**Student:** 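Starting off with a structure, shown below.
A quick note: this is a predicted structure, and the numbers were derived from the prediction, not measured.
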Amino acid sequence: MSGKVVVVQGAKLKCKFNVEQNTDVLKVKTHDKHFANDKNSESKLIGTTKETGQTLEKNTFGKCKLKPDGKGDYLPCQTVITEWTEYYENITLSNQGKILIETSKAGCSTGGAECISVAHHGQIIEISKKSVMNASVLLHNQINPLIDMRELQNAIVDDDIL
């Protein structure tokens, strides 16, 4: 995977044939077992190559350049994902799908192969005890002088906060 970020539920996807440059949100519907960057394992399901069909929140990116209405405008797209390419091939999850990564592309029944790409992978940073304990005190105190990192690390050890 070498530096590639895993795509999770909530990822924003975009289509190269979209007139307004809108995005739509990926909904993982093919499994409920595999999570990434989600310490409570409740919302960031890993996206897989099995996320096909109507697997987006709105199932539209807006107006589609490939659907002119004959009056100088365009008809709305109706996104139906047909297949995924450029995924992580070395792991197969329980739904027999391969893991989607930030460079993955999807094909659509209207736009053809690889017309949909990942605009944002959907992961967010969650602060954990481990990340605070591993933080560089000197660097953090220079970036954010309002919080004394050494004090915060000591509080975690003493009071078990976070």
**Student:** Is there a side-chain contact between Ile101 and Val5, using heavy atoms and a 4.5 Å cut-off?
**Tutor:**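 No, their side chains stay 4.5 Å or more apart.
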**Student:** Shortest non-hydrogen contact from Gly97 to Lys50?
**Tutor:**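 Looking at all heavy atoms of both residues, the shortest contact is CA-CG, 3.6 Å.
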**Student:** So, taking the atom named OG1 in Thr23 and the one named NE2 in His120, what distance separates them when rounded to the nearest 0.5 Å?
**Tutor:**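 NE2 of His120 is found 11.0 Å from OG1 of Thr23.
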**Student:** Using atom types as modelled and distance alone, determine if a side-chain donor or acceptor of Thr52 lies under 3.5 Å from a backbone N or O of Thr82.
**Tutor:**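 Between the backbone of Thr82 and the side chain of Thr52 there is no qualifying donor-acceptor contact (under 3.5 Å).
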**Student:** Taking Cys64 as the fixed residue, which of Cys108, Cys77, Cys15, Pro76 is the one that meets the side-chain contact (heavy atoms from CB on, under 4.5 Å) rule?
**Tutor:**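 Testing Cys64 for a side-chain contact (heavy atoms from CB on, under 4.5 Å) against Cys108, Cys77, Cys15, Pro76 leaves exactly one candidate, Cys77.
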**Student:** Supply the atom-to-atom distance Lys16 NZ to Ser117 OG, rounded to the nearest 0.5 angstrom.
**Tutor:**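 Those atoms lie 9.0 Å apart.
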**Student:** May I ask whether Phe35 and Leu26 are part of the same hydrophobic cluster, defined by side-chain heavy atoms of I, L, V, M, F, W, Y residues being less than 4.5 angstrom apart, directly or through others?
**Tutor:**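 Hydrophobic grouping puts Phe35 with Leu26.
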**Student:** Between the main-chain N or O of Lys27 and the side-chain N or O of Thr55, is there a donor-acceptor pair closer than 3.5 Å?
**Tutor:**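 At least one qualifying donor-acceptor pair exists.
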**Student:** Can you find a side-chain donor-acceptor pair between Lys98 and Thr48 that sits under 3.5 Å?
**Tutor:**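 Absent: no donor and acceptor within the cut-off.
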**Student:** Going from NE2 on His121 to NZ on Lys12, what distance comes out if it is rounded to the nearest 0.5 angstrom?
**Tutor:**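 Interatomic distance, His121 NE2 to Lys12 NZ, rounded to 0.5 Å: 12.0 Å.
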**Student:** Which heavy atom in Gly62 sits nearest to a heavy atom in Asn18, and how many Å separate them?
**Tutor:**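 Residues Gly62 and Asn18, closest heavy atoms: N-ND2, 3.7 Å.
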**Student:** Checking the side chain of His31 only, and the main-chain atoms of Ile46 only, is there a donor and an acceptor separated by less than 3.5 Å?
**Tutor:**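 The answer is yes, because a donor-acceptor pair under 3.5 Å joins these two groups.
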**Student:** For Ala36 and Val8, which heavy atoms make the closest approach, and how far apart are they?
**Tutor:**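 Looking at all heavy atoms of both residues, the shortest contact is CB-CG1, 3.7 Å.
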**Student:** Please find the pair of heavy atoms, one from Phe17 and one from Cys115, that lie closest to each other, and give the distance.
**Tutor:**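 Result for this residue pair: CE1-CB, 3.7 Å.
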**Student:** Donor-acceptor pair, distance only, cut-off 3.5 Å: does the side chain of Trp84 make one with the backbone of Glu51?
**Tutor:**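 Between the backbone of Glu51 and the side chain of Trp84 there is a qualifying donor-acceptor contact (under 3.5 Å).
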**Student:** Let me confirm one number: the CG-NZ distance from Leu93 to Lys33, rounded to the nearest 0.5 Å.
**Tutor:**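 So the CG of Leu93 and the NZ of Lys33 are separated by 10.5 Å.
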**Student:** Between the main-chain N or O of Arg150 and the side-chain N or O of Asn154, is there a donor-acceptor pair closer than 3.5 Å?
**Tutor:**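 Yes.
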**Student:** Determine yes or no for a side-chain-to-main-chain donor-acceptor pair under 3.5 angstrom, with Gln123 supplying the side chain and Val6 the backbone.
**Tutor:**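 Yes, Gln123 side chain to Val6 backbone: donor-acceptor pair under 3.5 Å.
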**Student:** Answer yes if the side chains of Thr79 and Asp24 hold a donor-acceptor pair under 3.5 Å, and no otherwise.
**Tutor:**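 No.
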**Student:** Return the minimal non-hydrogen interatomic distance between Glu20 and Lys63, and the atom names on each side.
**Tutor:**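 In terms of heavy atoms, the two residues are closest at OE1-N, 2.9 Å.
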**Student:** Main chain of Asn59, side chain of Gln78: is a donor-acceptor contact present, judged purely on distance under 3.5 Å?
**Tutor:**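 Between the backbone of Asn59 and the side chain of Gln78 there is no qualifying donor-acceptor contact (under 3.5 Å).
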**Student:** For Tyr74 versus Lys65, what's the shortest heavy-atom pair and its separation?
**Tutor:**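 Taking every non-hydrogen atom into account, CE2-O, 3.4 Å.
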**Student:** Can a donor-acceptor pair be found, under 3.5 Å and without considering hydrogens, that links the side chain of Glu83 to the backbone of Ala113?
**Tutor:**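 Looks like no, no N/O pair under 3.5 Å.
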**Student:** Could you check if a side-chain atom of Leu13 sits within less than 4.5 angstrom of a side-chain atom of Val118, using non-hydrogen atoms only?
**Tutor:**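 Contact flag for Leu13/Val118 side chains = yes.
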**Student:** Just wondering, do Met149 and Val132 contact through their side chains at under 4.5 Å, heavy atoms?
**Tutor:**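 Touching, per the 4.5 Å side-chain cut-off.
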**Student:** Measure the spacing between CD of Glu89 and CD of Glu86 and express it to the nearest 0.5 Å.
**Tutor:**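 These two atoms lie 10.5 Å from each other.
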**Student:** Would you call Val7 and Tyr87 a side-chain contact if the rule is heavy atoms closer than 4.5 Å?
**Tutor:**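 The answer is no, as the side chains (C-beta and beyond) never meet within the 4.5 Å cut-off.
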**Student:** Indicate if Leu75 and Val80 have the same hydrophobic cluster label, given that clusters are the connected sets of ILVMFWY residues with side-chain heavy-atom separations under 4.5 angstrom.
**Tutor:**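 Not linked; separate clusters.
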**Student:** Are side-chain heavy atoms of His140 and Ile147 found at a separation under 4.5 Å?
**Tutor:**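 They are in contact (side-chain heavy atoms under 4.5 Å apart), so the answer is yes.
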**Student:** Given 3.5 Å as the limit, does a donor-acceptor pair link the side chain of Lys14 with the main chain of Gln21, or not?
**Tutor:**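 Flag not set: sc Lys14 to bb Gln21 has no pair under 3.5 Å.
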**Student:** May I ask you to decide if Val28's main-chain N or O and Gln9's side chain share a donor-acceptor pair within less than 3.5 Å?
**Tutor:**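 Here the side-chain-to-backbone pair exists.
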